[in-house]
There are 2 protein chains.
Amino acid sequence: MQNLSKNQQIIFDLIDKSPEPMKAYSILHNVQKKGIKAPLQVYRALDKLVEIGKIHKIESRNAFIACHNSSCQVSKATAFSICEICEKVTEISSASLSKYLTNFKDKDGMKYSKYNLEFFGLCKKCR
Amino acid sequence: MQNLSKNQQIIFDLIDKSPEPMKAYSILHNVQKKGIKAPLQVYRALDKLVEIGKIHKIESRNAFIACHNSSCQVSKATAFSICEICEKVTEISSASLSKYLTNFKDKDGMKYSKYNLEFFGLCKKCR
DNA sequence: ATTAAATTGTTATAATATAACACTATGTAA
DNA sequence: TTACATAGTGTTATATTATAACAATTTAAT
Ligand SMILES: [Zn+2]
Ligand SMILES: [Zn+2]
Ligand SMILES: [Zn+2]
Ligand SMILES: [Zn+2]
């Protein structure tokens, strides 16, 4: 696994330190002092970081979180829990869940190369 | 289940007839001849239709499809297969899958009120 | 040194979605 | 039937999310 480029490292560090998912333009505001001035610079770094599994996109929120599954071997098999009140997002790492979904075949016998699952509910604090 | 309003009905009929997911502004273009002129009119109808389970949003595509699970009792438990080449989207209705996910509990024993699952791969035609 | 691939910088623009306000229709209850 | 609440509509403006197009630079192998 090669090193990250300058922009990729700056943006990954920011997301990695964030306790919550970050949105692209929030990232932009936070890295402008480091010389990253344009949305495209952010989106390019995000695209790459997603591709190599260092971060994941929370599709329902248009936001990004760092992967904490030991630098995700499973960026093609992602599952998250999302609190609908405080918006806390946690990556789920359940062997049985990923096994079930990775092996899932639909009625036509189609097997999939990738999945993304988002669970919604209330977190401990919000219950 | 109450009837749909005028705009809701127009927009639902359009999505329901479409063989593929429709995007909001594509919907807008298609209903302008029927007097729906502004994005907000479309988004409001979409919001309501999603809420009552007549349509679903495909989050990874920002697009909408009609529910064909006999007017989805399961709008809070959705699963789709998405072809990464032709972008065909099919709603998966698998009793075992929905049972597994509805009963899924994470490490903290948290149970969820809702989920959305998107599988990616190649459809029959595209393999 | 040469070259290909990846990354960066920049300006402009496209695509997706919501805020705010005024008005109209519909259903329910005094 | 009047009063009231709720849902839906129409409209303008604006916010948010994301990509196109082009030129330059860096990186890592030959
Ligand atoms: Zn991960
Ligand atoms: Zn919470
Ligand atoms: Zn459905
Ligand atoms: Zn296909």
Side-chain angles (χ1 to χ4, degrees), chain A residues 1-15 18 20-65 75 80 82 84 87 89 116 118, chain B residues 1-15 18 20-65 75 80 82 84 87 89 116 118:
Chain A
M1 192 204 300
Q2 81 273 6
N3 288 327
L4 299 179
S5 74
K6 189 189 62 159
N7 288 1
Q8 289 160 15
Q9 190 68 58
I10 291 170
I11 286 171
F12 175 73
D13 287 344
L14 179 66
I15 296 172
S18 171
E20 58 202 10
M22 293 196 75
K23 307 198 131 208
Y25 278 74
S26 164
I27 292 167
L28 177 57
H29 288 128
N30 276 277
V31 297
Q32 278 179 328
K33 50 199 164 207
K34 303 215 167 160
I36 296 175
K37 289 172 191 157
L40 197 42
Q41 295 176 285
V42 173
Y43 279 105
R44 283 195 288 222
L46 290 174
D47 284 351
K48 188 68 183 186
L49 291 167
V50 166
E51 184 192 324
I52 65 180
K54 299 282 287 182
I55 66 172
H56 303 299
K57 182 174 186 182
I58 309 302
E59 292 286 356
S60 66
R61 300 298 186 261
N62 298 316
F64 300 85
I65 64 170
S75 74
F80 306 95
I82 301 169
E84 291 190 289
E87 293 292 331
V89 173
N116 179 58
E118 298 182 2
Chain B
M1 193 205 302
Q2 82 271 5
N3 289 328
L4 300 179
S5 75
K6 188 188 62 159
N7 288 1
Q8 289 159 14
Q9 189 69 58
I10 290 169
I11 287 172
F12 174 74
D13 288 343
L14 178 66
I15 296 172
S18 172
E20 59 202 12
M22 292 195 77
K23 308 198 129 210
Y25 279 72
S26 162
I27 292 167
L28 177 59
H29 288 127
N30 276 277
V31 297
Q32 279 181 328
K33 52 200 162 205
K34 300 212 169 162
I36 297 175
K37 289 173 194 157
L40 197 44
Q41 294 175 288
V42 172
Y43 280 104
R44 283 195 288 223
L46 290 174
D47 284 350
K48 190 66 183 186
L49 291 168
V50 166
E51 184 192 324
I52 63 179
K54 298 283 286 182
I55 66 173
H56 303 300
K57 182 175 186 181
I58 309 302
E59 292 286 355
S60 65
R61 299 299 188 260
N62 298 317
F64 300 85
I65 64 169
S75 73
F80 306 95
I82 302 170
E84 290 190 289
E87 294 292 328
V89 173
N116 180 56
E118 298 181 4

Practice task
Among C:dG9, D:dA18, D:dG10, find the nucleotide with the atom closest to the side chain of A:Asn62.
Solution key: D:dA18
Problem - N/O (side chain, A:Tyr43) to phosphate O (OP1/OP2, D:dA18) under 4.0 Å - result: yes
Handout entry: C:dA25 phosphate, OP1 or OP2, under 4.0 Å from B:Ser5 side-chain N/O
Key = no
Exercise for the section: Can you see which heavy atom on A:Leu49 is nearest to which on A:Gln8, and at what distance? Expected result: CD1-O, 3.8 Å
Practice task
Using a cut-off of strictly less than 4.0 Å, decide whether A:Lys6 has a side-chain nitrogen or oxygen near OP1 or OP2 of C:dT8.
Solution key: no
Completion exercise
What one should report as the nearest heavy-atom pair of A:Lys54 and A:Phe12 is O-CE1, 3.4 Å
Practice task
Determine: side-chain N/O of A:Lys37 to OP1/OP2 of C:dG9, distance under 4.0 Å, yes or no.
Solution key: no
Practice task
Check whether any side-chain nitrogen or oxygen of B:Lys23 sits under 4.0 Å from OP1 or OP2 of D:dA18, and answer yes or no.
Solution key: no
Completion exercise
Among the nucleotides D:dT9, C:dT11, C:dT18, whichever has the atom closest to the side chain of B:Gln8 is D:dT9
Completion exercise
Between A:Arg61 and the options A:Glu118, A:Glu20, A:Glu87, the side-chain hydrogen bond (donor to acceptor under 3.5 Å, both in side chains) test singles out A:Glu87
Exercise for the section: For D:dT11, take OP1 and OP2 only and decide whether either is under 4.0 Å from a side-chain N or O of B:Gln41. Expected result: no
Exercise for the section: Determine: side-chain N/O of B:Asn7 to OP1/OP2 of D:dG10, distance under 4.0 Å, yes or no. Expected result: yes
Fill in the blank from the handout: Result for 5'-nearest mapping on DNA chain C, choosing between A:Ile36 and B:Arg61, is A:Ile36
Exercise for the section: Tell me whether the OP1 or OP2 atom of C:dA6 has a side-chain N or O from A:Lys48 closer than 4.0 Å. Expected result: no
Practice task
Check every atom of C:dT18, D:dA18, C:dT11 against the side chain of A:Ala24 and return the nucleotide holding the closest atom.
Solution key: D:dA18
Exercise for the section: Return yes if the base of C:dA14 and the side-chain atoms of B:Tyr25 contain a donor-acceptor N/O pair under 3.5 Å, otherwise no. Expected result: no
